[in-house]
Structures are given as structure tokens and as C-alpha cells.
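The structure appears below as C-alpha cells.
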Amino acid sequence: MFKKILIANRGEIALRIIRTCREMGIKTVAVYSTADKDSLHVRYADESVCIGPPASKLSYLSIPNIISAAEITNADAIHPGYGFLSENAEFSKICEDYGIKFIGATAEQINMMGDKATAKDTMKKAGVPVIPGSEGLLESVEQGKKLAKGIGYPVIIKATAGGGGRGMRIIRGEEEFEKMWDDAKMESGAAFGNDGLYLEKFVEEPRHIEIQIVGDQYGKVCHLSERDCSIQRRHQKLVEETPSPILNDELRTRMGEAAIAGAQAIGYEGAGTVEFLVDKNGEFFFMEMNTRIQVEHPITEEVTDFDLIKEQIKVAAGIPISGKNYFPKTFSMECRINAEDPAKDFRPSPGKIISLHLPGGHGVRVDSHVYAGYTIPPNYDSMIAKLIVTAQTREEVLVRMKRALEEFYIEGVKTTIPFHIKLMQDEQFKSGQFTTKFLETFDFTDL
Ligand code: MV4
């Protein structure tokens with residue numbers, strides 16, 4: 001087992017990782033930018049190293065600074081958390097070259113899944129259902145138009161280097177094709193330095209459902225069921241839940257097996273997520289694979305009773321998994337509490353937290369790095385807490401979540417709490433019958 005892990009991240013996920021390391025008897029090293037010198041991850045870790053100024057590029061994204069911190073402190077592994085360097089192939093490779101275990105995917109796997117057209121081809125070959133579309137990248141507008149005519153409009157063109165909605169265009173008829181093609185090419189070239197595009201049939205009003213998987217170093221992969229992430233605004237997830245209101249054990253088994261087949265095809269080691277779109281007929285299609293721990297991992301922990309960070313560390317250390325799959329035993333939901341004003345287009349609201357009271361009680365978990373007197377820096381993402389609620393039924397989760405949200409008291413900054421309170425009482429949300437378009441028509445004005 002590792003003796004010392006450096007956590008190449010900040011905020012709640014850095015704390016989350018430190019907590020598991022402490023339970024496992026592993027020493028921890030925090031790294032921090034000057035903006036985070038008063039952060040809890042710095043105080044909770046056994047050692048800490050300042051790695052640069054507030055700008056992420058010069059601190060949390062600086063590979064030389066982080067490798068130096070690991071060398072100086074003699075860390076034998078690095079946990080990247082999510083975001084920052086967690087899906088950076090170069091960083092994974094450099095860690096390997098330095099003999100530091102990267103707790104995440106190999107450079108090859110990151111590259112293969114990071115290129116969305118390649119990821120899709122790989123999954124298709126492994127027998128995972130994919131959305132009908134181009135084989136690999138589109139070679140020309142003409143080829144795209146011809147394919148679209150065959151498949152039938154609407155179609156969607158996506159940046160192969162994209163993800164999270166950037167460089168993507170929906171095309172509803174041939175007359176729009178050329179302009180959309182030019183726009184998507186321009187946008188993806190500028191954003192990713194790669195303007196490769198692929199095409200697929202556009203699935204109207206899907207659900208976004210992802211399967212949590214864990215693979216070990218011996219080719220074994222298991223799944224820990226799904227998370228329904230359909231409640232998003234502009235590709236930002238706000239609420240996630242498990243089990244999904246639209247899945248049954250039959251579909252859960254088939255999606256779980258598809259996710260396992262995909263992960264096994266690339267010899268996947270560690271925790272990962274296979275994202276699917278589920279259409280109105282309950283048909284599912286591979287969308288993307290994330291080769292990292294995700295923000296919403298706690299709801300899976302709550303319903304399967306696994307510590308996913310511990311699983312990541314164990315498989316990275318060469319410990320085999322049982323290979324058993326896990327189905328949810330209870331119901332769990334996460335609300336992302338962001339320092340944003342939901343009534344003003346979710347505009348960031350950084351600043352000092354004057355006073356704070358966190359909710360508690362049965363079935364309530366809060367993963368957060370903030371405290372009364374803490375100043376939220378403007379340099380990083382605005383998530384300040386994850387409120388995770390678990391109960392025996394979905395109805396109980398909704399009631400308990402509303403109660404916990406009402407108990408949550410933050411003075412000094414605006415938060416997404418009022419939005420969540422309203423959502424918990426929304427009839428359509430309560431019914432479980434909603435799609436990824438749900439928030440497009442939600443009324444945010446009275447929050
Ligand atoms: C799609 C789609 C419909 N049809 N692909 C959005 C982000 C990126 N991961 C892929 N996305 C989508 N791909 C086809 N063929 C609809 C979306 C989409 C979406 C997906 C999941 C969650 C929220 C979404 C919001 C808008 C569009």
C-alpha cells in the first residue's frame with residue numbers, strides 16, 4: 001500500500017480524499033495556491049506545499065510544480081480528484097516516468113476516451129450500443145450532408161475533442177448544414193486546437209444516465225449501477241440521483257453489462273463512468289466515458305456502501321476487486337450548492353461567508369470545504385458544498401432534501417439553495433418524468 005499520497009486538487013474533493021487516506025493510514029500532502037492558503041485541505045493534510053499563484057494554470061494545472069512537490073515530500077502516489085489534471089494524458093505519463101503512481105487512467109486510455117470519435121468506435125467494436133452516425137470523423141461537408149440524408153434530420157455534429165457541450169451543433173435540415181459545419185469547426189478549432197467533427201442522429205429529449213464502474217489491474221471490471229444526471233443547466237449538473245426513476249433491473253443489468261464490456265475492451269483500471277443517453281423508448285446509447293472520480297460519486301457510495309476513493313486507492317495499489325456488481329439498496333440524491341445567484345442567471349457570487357450552519361440528521365451528508373469566516377476565491381469553480389440525502393424511497397428523499405435545504409444557512413454569499421428548494425416541490429420533478437430539457441423551461445425569476 002502507498003505510504004504517502006499527494007492530492008493534486010483543492011476544495012471539497014481534496015478534503016474527501018484526505019479523509020479516506022486518514023482512515024487507511026496513508027499520509028497526505030496538500031498542494032495549494034496562494035489564494036487557498038487558509039483552505040481546510042491545507043489544514044487537514046499531514047504536509048502542504050504552496051505550488052503557485054491563484055491562476056490555475058500557474059498552480060493546480062502546473063505539472064512541474066506538482067511533480068516537484070511530490071518529489072520534495074517523497075509522495076509515492078498522486079490523486080488528481082476531478083477537473084484540473086485528472087484527465088490529462090501528459091500528466092499521467094509524467095507521473096509514470098517519475099515512478100509516482102497516478103491514481104487514475106493511463107495516458108493511452110485518457111487519449112482514447114478523450115477523443116470522442118475514437119471512444120465511440122472503440123465502444124462500438126466492444127458491442128456497446130452507439131448512436132447511428134459517421135464512422136469516425138467527417139471528411140467534408142458533402143460527406144456530412146450525404147450521411148445526414150441517409151440517417152434523417154435532425155442530426156448533431158460534435159467536436160471530437162469536445163465534451164460538455166462545446167463545439168456541438170444540432171442541424172434540423174440540409175439548408176442549415178454548411179453554416180453549422182463552419183460554426184462548429186471554428187469553435188472547436190479555437191477551443192481545443194482540434195477541429196475534427198463527427199456526426200450522429202440527434203436524440204430528442206433524452207435522459208442522461210451514467211454507470212459507475214471499477215476495474216482492477218487483472219482485467220476484472222464491475223459496475224455499481226447508475227446515476228441519473230438529467231437535471232442540468234447549460235451542461236452544468238445541478239442535481240443527481242440514484243436509482244434513476246426510469247430504470248428497472250432489466251435495463252440496469254443491460255446498461256451495466258454494456259459499461260463493463262466497454263471498460264474491459266480498453267483494459268480499464270480504476271474508477272470510471274460510462275455515460276449513456278436513454279431515449280423515450282428506453283433505448284440506450286454510449287455517449288462518453290469519464291476516466292476520473294466524479295463530483296456526484298457520493299450518491300453511489302450511499303446506496304452501495306462502497307467508499308469509491310478507497311476503491312480507487314486499492315486498485316491503484318494492485319489489490320484485486322471481487323468482480324461482483326452492485327444494485328442500489330436505497331435512494332440517494334445530491335444537490336450542488338454553488339456560490340451563484342440562481343435568480344440572476346447563476347452569476348458567480350464569491351466573497352466571505354459571514355456565518356454558516358450545515359444541515360444534519362438521519363440520512364444527511366454534507367461534503368464541503370467551507371466554514372464561517374472562509375472567503376470563496378473568485379478564481380475557481382463556484383461549488384461550495386454537496387448536500388447528499390439518502391432514504392428508503394424517492395418520496396422520502398425529496399422530503400428530507402427539502403428539510404435539509406431549509407436548515408442550510410449561509411450568510412454572505414448567494415447560493416443555489418433557493419433553486420433546489422423550489423425544485424424539490426416541482427410536480428414534474430417529483431413525478432420523475434423529466435428529460436435533459438427540463439431546466440430550459442424552469443422559472444428561475446422568483447428565487
Ligand atoms: C447528444 C444529444 C442528443 N443526441 N447527442 C451534451 C453534452 C455532450 N456530452 C453530449 N450532449 C448531447 N449529445 C445526440 N446524438 C443531446 C445532448 C445534450 C445533453 C446530454 C446530456 C445531458 C444534458 C444535455 C443537454 C443538451 C444536450
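Whatever order the structure lists ligands and atoms in, that order sets their numbers, starting from 1. Since we're looking at a predicted model, the values are computed, not measured.
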Which residue holds the protein heavy atom closest to [atom], what is that atom called, and what is the gap in Å?
| atom | answer |
| --- | --- |
| atom 21 (C) of ligand 1 | His208 ND1, 3.3 Å |
| atom 18 (C) of ligand 1 | His235 CE1, 4.4 Å |
| atom 13 (N) of ligand 1 | Lys158 NZ, 3.0 Å |
| atom 10 (C) of ligand 1 | Met287 SD, 3.5 Å |
| atom 17 (C) of ligand 1 | Met168 CE, 4.4 Å |
| atom 16 (C) of ligand 1 | Phe202 CE1, 4.0 Å |
| atom 7 (C) of ligand 1 | Gly165 N, 3.6 Å |
| atom 20 (C) of ligand 1 | Leu277 CD2, 3.9 Å |

(request) Taking the side chain as every heavy atom from C-beta outward, state whether Glu87 and Tyr82 have any atom pair closer than 4.5 Å. (result)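 Sidechains of Tyr82 and Glu87: no contact.
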(message) Tell me the contacting part of Val203 for ligand 1: side chain, backbone, both, or neither, using a 4.0 Å heavy-atom threshold, strictly below.
(response)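 It is both parts that get close, each with some atom under 4.0 Å.
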Salt bridge check: are [X] and [Y] linked by an N-O gap of less than 4.0 Å?
| X | Y | answer |
| --- | --- | --- |
| Glu334 | Lys237 | no |
| Glu176 | Lys179 | no |
| Arg347 | Asp341 | no |

(message) If the contact criterion is a heavy-atom separation under 4.0 Å, does Glu204 count as touching ligand 1?
(response)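 No, that is not the case, since the closest heavy atom of the residue is not under 4.0 Å from the ligand.
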(message) Does the Lys NZ or Arg CZ of Arg233 fall within the cation-pi geometry relative to Phe438 - under 6.0 Å from the ring centre and within 45° of the axis?
(response)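 That pair does not qualify as a cation-pi contact.
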(request) Validate the cation-pi geometry between Lys201 and Phe285: distance from NZ or CZ to the six-membered ring centre under 6.0 Å, angle to the ring axis within 45°. (result)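 No, a cation-pi geometry is absent between Lys201 and Phe285.
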Which atom pairs, donor and acceptor, lie under 3.5 Å between side-chain atoms of residues 259-268 and protein residues at least two apart or in another chain?
from	atom 1	to	atom 2	distance (Å)
Gln264	NE2	Gly219	O	3.1
Tyr268	OH	Ala271	O	2.9

(message) Considering Lys437, Glu210, Glu440, Glu288 one by one, which has a heavy atom nearer to atom 9 (N) of ligand 1 than any of the others?
(response)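 Selected option, by shortest heavy-atom distance: Glu288.
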Under 3.5 Å between some N or O of ligand 1 and some N or O of [X]?
| X | result |
| --- | --- |
| Lys201 | yes |
| Gln232 | no |
| Glu275 | no |
| Pro206 | no |

(request) Using a strict 4.0 Å cut-off to heavy atoms of Glu200, name the atoms of ligand 1 that fall inside it. (result)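 Within the 4.0 Å cut-off of Glu200, ligand 1 contributes 5 (N), 14 (C), 15 (N).
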(message) Please check if the number of heavy atoms outside Glu406 that lie under 6.0 Å from its CD is greater than 12.
(response)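 Yes, because the 6.0 Å sphere around CD of Glu406 holds more than 12 heavy atoms from other groups.
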(request) Report the relative orientation of the aromatic rings in Phe91 and Phe102; use parallel for angles under 30°, tilted for 30 to 60°, perpendicular for over 60°. (result)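 It falls in the perpendicular class, over 60°.
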(request) Kindly assign one of parallel, tilted or perpendicular to the pair Phe286 and Phe276, based on the angle between their ring planes and the thresholds 30° and 60°. (result)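 Rings of Phe286 and Phe276: perpendicular, as their planes differ by over 60°.
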